[in-house]
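Per chain, numbering begins at 1; letters A, B, ... match sequence-line order. Predicted model, so just to flag it, every value in this text is computed and none were measured.
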Amino acid sequence: MTLVNKMIVKISNAVVSIFGSLVLVFFIIYLLPGDPVLSMLDPSTATPEMVANLRKELGLDQPVYVQFVEYFTNVLKGNFGQSIVNSEQVLPKILEHLPATLALTLTSSALAVVIGVTLGVLSAIFQNRWIDVLSRFIGLFGISMPTFWSGILLILIFSVYFNWFPAMGSEGWQTLVLPTLSLGFVGAGLIIRMVRTSMLEVINEPFIVTLRAKGLTERMVMYRHALRNAMIPAITIIGLNIGELMAGTVVIETVFSRQGIGRIVADAIMAKDLPVIQGVVFFSAVVYVIVNLLVDLSYSIIDPRVRRSH
Amino acid sequence: MKEIVNEETVLRVPKWTLSKRKKNISFSNIFLLVAIVLVLFIIASALIPKWIAPYSPTYMNTESILSEPSSKHWFGTDYFGRDVFSLVIYGSRDSLIIGITSVLIGSLIGGGIGAVSGYIGGYIDHFLMRVIEILMTIPGILLALAIAAALGPSLMNIVLAVAASSIPGYARVMRGQILSIKKRQFVDASRSIGTHSWKVFVWHILPNSWSPLLVMGTIGLGTSILIGSGLSFLGLGVIKEVPDWGALLSQGRGYLVVGWWMSTFPGLAITLFVLSINIIGDKLRDTFDPKTSRMR
Amino acid sequence: MGAIHLKLIKWKKLLTITLASALLLSGCASSTTTKPSSEGTTKKEEVQPKEGGELTYALATSPDSLDPHRSGLAVAVRAFRTIFDSLVVQGSDNSIQPWLATEWTVSEDAKSYTFKLREDVTFHDGTPFNAEAVKYSFDRIIDPKTQAKNAVALLKPYESSEVIDEFTIKINLATPSSAFLSNLSQAMLGIVSPTAAEKYGDQFVKNPVGTGPFKFVSWTENADIVVEKNEEYHWGPSNVENKVVPYLDKITFKIIPEEATRIGSVQSGQVLAAETVPPQNIVSLNNDPNQQLLQVNTIGLPYTLFFNQRKEPWNDVKARKAVQLAVDVDAIVKTLYLETYSRAWSPLTPGILGYDESLENKNKPDLEKANQFLDELGYVKGEDGIREKDGKKLILNYVDGTPNREKRNDIAVIIQQQLKKVGIKVEINITKDIASVVQQKADYDLYGNSQVNSDPNALRAFYHTTTPEEEALVKRLGGGSDPEIDQWLEEGTVELDPAKRIEIYKKVQQKIIDEAWIIPIYVFPYTVAASKTVNGIKFDALGYPLFNDVNIN
């Protein structure tokens with residue numbers, strides 16, 4: 001199979017996944033209790049007539065399959081509908097907030113890879129020495145500290161005490177620093193483990209032993225060959241967890257009062273605002289799929305073995 | 001196929017001690033001992049909190065709210081005047097329930113799907129993997145959020161929400177593992193002597209494939225408590241007479257300046273628990289995994 | 001132990017100081033005509049206030065709408081009060097004073113009001129302010145298409161408006177209403193630009209145009225709302241000193257829901273002021289040499305727990321009394337709010353017309369009596385300490401909303417422990433869907449709510465018997481019904497003599513407490529932490545901030 005063919009298969013699979021996720025979310029939200037119409041009207045003044053009218057206006061009086069078909073024909077036309085809560089158009093709303101979330105996801109993934117790979121490699125090289133133990137501790141702290149807590153801690157230390165970075169907002173690179181630290185450490189925790197493991201495996205593989213035997217310096221062996229192999233798990237983990245990182249922004253965006261689709265979707269779920277939830281799920285699915293296609297591509301760049309197998 | 005190769009590399013389990021042949025007294029053994037003691041202590045707390053905690057976790061001493069850690073209150077008191085140490089001890093039960101049941105449900109369902117998918121292959125594999133892929137595109141927390149919002153806050157619903165969001169991860173790992181084992185010589189050997197397909201599956205493939213799930217599960221124990229904590233941060237948590245660690249953490253976050261102990265100690269409890277479970281899990285894996293024991 | 005105790009005492013002392021100064025502040029904040037700029041807020045004010053600058057003001061939640069007619073949240077009022085003016089303004093002594101209306105007369109039957117309007121006012125979009133604009137605004141509120149929220153209830157019993165001449169308008173009511181003028185002073189009945197409201201339609205919520213001291217600039221969802229000074233402004237109300245163009249160039253309302261972040265932002269100087277300071281931070285901010293704390297009690301109905309009298313056994317006054325006697329409200333206010341909130345005693349807050357002070361310190365917790373009442377009802381303690389009758393356990397379903405606003409969820413946690421002592425098991429159910437659980441299904445035994453309001457007539461919506469048609473749509477909180485209370489509430493609405501109203505509402509309050517329909521918990525103090533460089537933040541009669549006098553050093 002050529003690379004192009006392979007990519008076509010992957011992309012068509014991806015499209016199926018994205019629409020599948022929309023279908024799934026449609027039904028999950030449909031099952032949510034509570035009537036969105038009633039939450040839109042003021043109970044002290046609403047009349048049953050107003051309720052019925054509004055329901056009709058939103059098409060919520062139709063049977064579920066009609067709503068379903070209608071929604072999907074609209075999405076195919078690029079129309080994501082409007083928010084039930086404040087009748088805002090969904091597409092522009094998401095496009096407005098997506099960049100902030102993407103920026104944060106990107107910086108925290110980058111930080112996660114840098115910290116994760118560095119500590120993972122050090123950990124493997126100095127196996128069972130103090131640096132190994134320390135790295136593993138850091139990794140476990142990363143995955144066992146809730147982001148809202150570490151976020152507040154960072155605000156207290158770096159905003160209130162030192163006054164180095166802003167505590168909130170989404171304007172300017174400075175506002176990215178603390179949220180990135182908070183979210184990046186979670187990703188780093190996962191990566192440290194994976195990199196360490198695969199480094200250890202690689203170190204004991206015959207080709208490394210051969211390289212050593214050939215008289216390459218230890219540093220050359222480690223950085224040129226072993227590290228290259230260790231990058232693969234790191235990137236895969238990021239690829240698989242990019243969705244989680246984006247979802248992590250739900251909490252982080254609230255803590256740091258950042259704009260972004262995380263906060264939008266959290267509000268939307270509470271309000272049962274289906275069009276908005278659908279819109280966000282669609283876009284996060286798209287991001288997930290694109291990132292994972294890139295991850296697939298990057299294997300062939302990083303790992304010569306994969307390249308050969310094409 | 002390339003994909004499988006990669007999955008396998010990723011999912012290979014870390015080894016706490018790769019050099020088992022070396023002297024036995026090392027960091028790892030000390031840690032292992034500490035870890036075992038800690039986990040036993042936490043389990044004891046969950047089973048018989050009455051014997052360990054100095055106070056009732058619901059006793060509110062309005063005369064000493066927000067007091068610092070002292071010999072009277074080891075972990076201080078919270079804003080209700082409850083003893084934080086006793087809360088942590090009593091809170092271990094629900095924390096363990098959230099952690100363990102959600103991991104069990106998630107790994108059984110996810111692992112099951114992955115095993116079936118990987119072993120049978122073909123269209124079924126294709127179909128199941130599509131479904132899993134779809135689940136993966138929806139971030140777990142989002143799924144948990146939607147489920148928690150749909151079913152309303154209760155301990156069981158949080159467990160369900162967390163379990164559901166972890167299913168795809170387990171499924172993929174299990175499938176990758178099964179695929180790689182299916183090709184091993186001993187499986188072929190067993191098949192060639194005429195063993196039934198399902199017998200091969202049950203007796204040879206399954207026992208050889210659980211170790212990555214174990215590793216994922218040990219991490220999952222902690223993350224599920226944390227997801228529960230995140231839900232209570234977002235206002236979807238449960239209010240119980242005795243809060244779990246995650247809820248305690250979330251409650252104490254507004255008091256970091258005036259009472260750091262309120263959230264720090266429950267947070268430490270989660271970290272130490274996860275840490276200990278990981279250390280023990282790695283050791284278990286190293287000892288019992290047929291793959292590594294063969295290497296000895 | 002000794003150290004802990006000492007610490008607490010020190011703390012309490014600090015808090016008393018805070019409270020004292022807060023009272024001072026709230027006293028002077030809205031006192032309008034008395035000695036200008038004497039005590040409290042700022043001594044520097046005597047110096048010529050500095051012009052220019054931007055105030056960043058952190059809000060605790062996101063406003064739902066900047067269209068005053070379509071909003072239902074107090075936080076939105078804080079933002080759009082800067083954009084919209086009202087016909088009249090209510091002083092801290094509850095007197096009604098001119099604003100956009102210069103004078104008014106009331107007809108003999110008290111059913112029509114004729115207002116003379118200011119002739120020199122224009123909306124931000126250049127539209128002239130006149131009788132047509134006032135008529136448009138009020139007709140807009142009662143038009144169902146507008147989907148107006150709280151404004152509808154406030155405008156009741158409005159029927160129609162007649163434009164007499166360009167600057168004279170006659171407003172007709174269906175029945176007399178003593179609360180009408182006071183309601184007109186509320187921002188939710190602010191006057192909107194007819195041109196802009198027509199132009200933006202549905203989107204007026206995001207494009208508000210009024211006559212206020214500040215003009216709307218932008219609203220970025222979940223981030224901020226920006227308003228800039230109105231260069232034309234010279235019709236300020238009597239409760240501010242600077243009646244002309246504000247000193248500030250602009251105000252940016254930043255939306256920061258997370259408590260710790262909001263306080264962190266004001267401490268780090270990222271914002272100049274932050275609202276709703278949690279009790280535990282008041283102490284640390286008091287010790288901060290760069291910060292000042294401003295506090296004002298809000299007016300209306302305090303945070304009150306309502307018994308659902310549709311459910312057994314809470315339809316029996318003895319059961320309600322038992323709970324009332326078993327709940328130690330003082331302990332709640334002391335632990336959760338560290339005495340920074342004051343305890344509520346009545347269905348009304350202090351400061352509102354007719355508030356009955358005699359209710360204060362009347363009900364003391366009395367476990368013995370509570371137990372006695374429950375015994376009399378036939379509830380016997382079981383083995384687990386929970387009372388039961390006919391095999392049914394005495395369980396109280398305590399419903400509260402999320403997020404945990406003003407630590408209301410924590411009140412439930414305390415009450416759970418307090419009621420355990422008399423053998424009542426409290427189940428706490430936190431829901432995000434108050435609308436359906438409480439208002440549609442009335443599926444609760446105890447639920448708490450509060451309302452900011454300027455007139456005791458607000459009691460009517462909470463305590464007057466509802467018709468079956470009204471019930472079908474929305475179940476009134478508590479659901480209690482009493483012919484005497486109904487009659488008094490009806491009298492209170494139409495009675496025009498304040499002295500008589502006071503007597504009427506005192507009776508209402510006493511009966512509601514005596515019948516144990518409710519347990520009043522706390523009066524919410526609106527607390528703002530601000531940098532010491534900020535001068536002149538004031539509050540109106542309802543406790544909403546005013547920015548006309550604000551200047552930054």
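Between C:Lys206 and A:Glu88 there is a salt bridge, with a side-chain nitrogen of the basic residue lying less than 4.0 Å from a carboxylate oxygen of the acidic one.
Residue contact with chain C, scored on non-hydrogen atoms closer than 4.5 Å, involves the side chain of A:Ile155 exclusively. Heavy atoms of C:Asp202 lying under 4.5 Å from chain A belong exclusively to its side chain. Within the 4.5 angstrom heavy-atom criterion, only side-chain atoms of C:Gln203, from C-beta onward, approach chain A.
For the pair C:Thr220 and A:Glu96, the tightest heavy-atom approach, listed with the atom from each and the gap, is CG2-OE2, 3.7 Å. When all heavy atoms of A:Met168 and C:Lys254 are compared, the pair lying nearest together is CE-CD, 3.8 Å.
The number of heavy atoms from other shown groups lying within 6.0 Å of CZ (A:Phe80) is above 12. A:Phe185 CZ: 12 or fewer foreign heavy atoms inside a 6.0 Å radius.
Side-chain atoms of C:Gln270 come within 3.5 Å of backbone atoms of A:Ala167 as a donor-acceptor pair (strictly under, hydrogens ignored).
One distance of note links CD of C:Gln267 with CG of A:Asn163; it measures 10.5 Å at 0.5 Å rounding.
For the pair A:Glu253 and C:Asn222, the minimum side-chain heavy-atom distance is 4.5 Å or more. Contact check for A:Thr254 versus C:Thr261: no side-chain heavy atoms found under the 4.5 Å cut-off. Using a 4.5 Å heavy-atom threshold, the side chains of C:Ile255 and A:Arg263 count as touching.
If you tally non-hydrogen atom pairs under 4.5 Å between each of C:Ala223, C:Ala58, C:Ser265 and chain A, the highest count goes to C:Ser265. Each of C:Ala260, C:Pro257, C:Gly72 has some count of heavy-atom pairs under 4.5 Å with chain A, and the biggest count is that of C:Pro257.
Applying a 4.5 Å heavy-atom cutoff, the residues of residues 169-178 of chain A that approach chain C are A:Glu171.
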